[in-house]
Amino acid sequence: MTKDEVLHTDPDGHKVILHVKSGCRTRRWVTYERYPDVEYGYLTAIDAAKEILRGHPIEHCYIGALTARAFAEAEDDIKTGQFEAKGNINIDGETKRRAILKQSIQCHGCLFREIYLPKVILTKALWFYDLFYSANEPCVIFGVSTFESAIFEGSAYFNQAFFCDNADFSYAHFEEDADFCESYFRGEADFKEVKFKGETSFAKARFAREAIFIYSAFLGSASLRSTDFRGEACFSNSLIEGEADFHETKFNSHAHFGAVEFRGIVGFGRATFAGHAGFGEAVFKKSAHFHGCAFSRDVDFISSRFSDSVSFKLAKVLCADFRDSRFEKLCDMKQIAAAGLDFGGAVLIENLILSPIHGEMAKMHDSLDSIGLQLKAHQQKGEDVDFFMNLERDWRLSKRKIYHINFENTLIQGELVCDFADISPPDGPFNTPRPEEAVIQPHKRQEWDGARRQYSWLKEQYRKRGAYGDEDEAHWWASECARMQAKVHLRVFAPLMLFVTVFIINLWLAASILAWGAKSPLNHWVAGIRASAPLVAVVLISSLLCAFPRFGKRVVSKWIFGYGVRLKNLIWTILVVIFGFGGLFWLAIEAEDLILKCTPKPFDSDCLNALYFSVITFATVGYGDVRAVGWAAGLAMVEGLLGIALNAALVVVIFRKLIR
């Protein structure tokens, strides 16, 4: 005859059933609906305690409770001397009076309804795992597991353990290694103010709810590689002395690392952060690696300190805040995709390497899709993520790998290694500024003074590095933002009216002077218009440049004078002026408006003579052997003025090149 009794039900609704078979010999065993094909032996709390005190391992058994009281009653029965209800022990130079378990605990593939060992000192190793682990038969600990303020003098092995309810290890001390590899925490995991003195491993562990490690101390290495945090992960104000390994870890909710002190190498390579990631005021004593990380929400490094190099290579960032941070070594941000980077008030002692992600655009779109899905998941949970949803949408529509960046009050004592093309806004000669397509954040917000200061700061950074082409582009946008700040928007009709007025005055003066007392006023009036053509052309070109100030500034400042730094631009401009006016003077020779007074002529060819006069006029030498009259005289006046300006600019550029 078999009698079944439900001992309890786990939080997932799976029943633990005690089977009692009566006969010549009573047999008890336990089954668990989560693993229906596995049979477990049945032990009372006192029977389990007796087995442990005798040093016997317990395998594939169900234990209702493992408590300090059960150990005390078992010790009273068998007198092993392995448990003291009120013993004294010296820990870290301090004498503590607590219950002491001197025997190791070895439970392989066992089921526990409850473990309650608060403030117990365990002097030898704990083994809570399955020697022959399989996915269908893990070590399971049922109910609330409490090790609050417990002291583990030996190693503690909880690998492949299944904590079905809350697990409380707060204020515990692990004097040797702590192994929680592949454990599953179904409830809240509380490791608040825990001290781990040996190597600690939570590799491939899963936390279904909140994992609390605040104010904890990892005095050895800490491995959380491939760990899965479904709830919030709280490591604030903790200390990690050795290497911290978070590679490929998944943070599906918020991750808190504020004020954490990392004294060893830190690795977050290819980790994913679905929620807010907070590293504010964190200290990284050695190198930190965030390469390949994906941040689907904002990441906060405000006032953090990196004493060694830090790498964000190939990272995907929605919004990263580095304000007031300090980078004492190289900050590597090569090939990143970022909707927002804020370096306001940051100090970089060495170089900052910044470049957008290269290669196939599909990688960029995959990153955006992943971030968008994570944000939608948070939105479905009722979280307020409208700002981030809009930012992600604008980032996607912009098709920019770096969407906006802020360098306000940033100090780089080394070099900024960044091509200006990667952060410059789209530009066309006739287009008005498009702030929504800018990358510099104040420019995007139409905060022209802040944008001007940041472009000027970028210009100095490029000058220090010798990237003169990028320096010139930054200078252009600084001047453009200064123009927008001053609101110098000349209306089109004003210069056009000026042009019309000057043109009419020129025509009137020429006609009046030439037609005064002449027998044929019409011919002289036509000759006056022809003679004033060069001056009218100058007025026309000047009016057009004033009518379209942005285009005019680009033509004069960039194309002609090259911002005073581009020798090639000036040389080409000078050659165009000399040969262009030479061609016009050749036409003047044919029309007898250019008179060669000397004999013999400088050259036998009229073309070379015209070029000769153009060079002499541009150089403002004036030998007097060739004389211009009529409209050619107007051309000579214009070329002479251009020669003065371009020759002065040429001297400036040559000296700046020598200084560089």
Side-chain angles (χ1 to χ4, degrees), residues 320-323 331 333 336 338-348 351-356 394-395 398 400-489 548-566 569 653 656 660:
D321 194 342
F322 294 94
R323 285 177 297 169
C331 179
M333 291 190 174
I336 69 167
L341 296 173
D342 192 344
F343 288 94
V347 177
L348 295 102
N351 301 347
L352 168 62
I353 303 177
L354 181 65
S355 66
D394 295 341
W395 184 21
S398 72
R400 295 296 300 258
K401 298 170 186 178
I402 298 178
Y403 182 57
H404 72 73
I405 190 169
N406 181 39
F407 287 112
E408 183 180 4
N409 297 324
T410 304
L411 173 62
I412 299 181
Q413 297 182 5
E415 293 181 352
L416 171 65
V417 183
C418 172
D419 294 335
F420 190 76
D422 295 334
I423 58 176
S424 63
D427 179 43
F430 295 99
N431 294 333
T432 57
R434 292 173 287 183
E436 70 278 1
E437 296 184 2
V439 176
I440 297 298
Q441 192 176 45
H443 191 172
K444 188 180 294 292
R445 296 176 178 173
Q446 300 188 36
E447 298 171 357
W448 302 114
D449 184 54
R452 177 192 59 78
R453 285 188 277 108
Q454 292 200 24
Y455 284 124
S456 299
W457 177 84
L458 283 170
K459 179 175 74 73
E460 290 301 313
Q461 300 306 312
Y462 291 124
R463 183 188 62 78
K464 288 195 303 182
R465 187 160 59 94
Y468 302 124
D470 290 337
E471 176 191 355
D472 298 340
E473 290 294 331
H475 177 78
W476 155 254
W477 282 105
S479 61
E480 181 62 22
C481 291
R483 184 182 70 83
M484 296 300 296
Q485 179 190 5
K487 296 182 179 179
V488 182
H489 300 289
F548 302 96
R550 188 166 184 263
F551 173 65
K553 194 171 185 179
R554 176 166 285 270
V555 170
V556 176
S557 299
K558 182 177 181 179
W559 295 352
I560 295 178
F561 291 100
Y563 301 117
V565 293
R566 293 182 178 177
N569 287 37
V653 172
R656 288 194 65 174
R660 280 182 173 180

When rounded to the nearest 0.5 angstrom, what distance separates NE2 in His443 from CH2 in Trp477?
5.5 Å
Calculate, to the nearest 0.5 Å, the distance between atoms CZ and CG belonging to Phe322 and Asn406 respectively.
12.5 Å
Side chains of Asn569 and Val653: does their closest heavy-atom pair fall under 4.5 Å?
no
Kindly indicate whether the side chain of Ile336, heavy atoms from C-beta on, has any atom under 4.5 Å from the side chain of Leu354.
yes
Please set out all donor-acceptor pairs under 3.5 angstrom arising from side-chain atoms of residues 409-418, sequence neighbours excluded.
residue, atom, partner, partner atom, Å
Thr410, OG1, Phe343, O, 2.6
Thr410, OG1, Phe407, O, 3.1

Which heavy atom of Leu348 sits nearest to which heavy atom of Cys331, and what is that distance?
CD2-CB, 3.9 Å
Value rounded to 0.5 Å, distance of CG in Asp472 from NZ in Lys459:
9.0 Å
Inter-residue atom distance Tyr455.OH - Trp448.CH2, 0.5 Å rounding
8.5 Å
Does Glu408 reach the side chain of Pro442, with side-chain heavy atoms less than 4.5 Å apart?
no
Tightest non-hydrogen contact, residues Gln454 and Ile440, listed as OE1-CG2, 3.5 Å
Do Tyr462 and His475 have side chains that approach each other closer than 4.5 Å (heavy atoms only, starting at C-beta)?
no
Of all heavy-atom pairs linking Tyr403 and Ser398, the shortest is CD1-OG, 3.3 Å
Do any N or O atoms from the side chain of Asn351 and from the backbone of Ile353 form a donor-acceptor pair under 3.5 angstrom?
no
Any pair counted as salt bridge (Lys or Arg N to Asp or Glu O under 4.0 Å), so long as it reaches residues 448-458, sequence neighbours left out:
Asp449-Arg452, Asp449-Arg453
Any Leu352 side-chain heavy atom under 4.5 Å of Gln461 side chain
no
Supply the atom-to-atom distance Glu473 CD to Asp419 CG, rounded to the nearest 0.5 angstrom.
11.5 Å
If you take all heavy atoms of Trp395 and Ala338, which pair is closest and at what distance?
CZ2-N, 3.4 Å
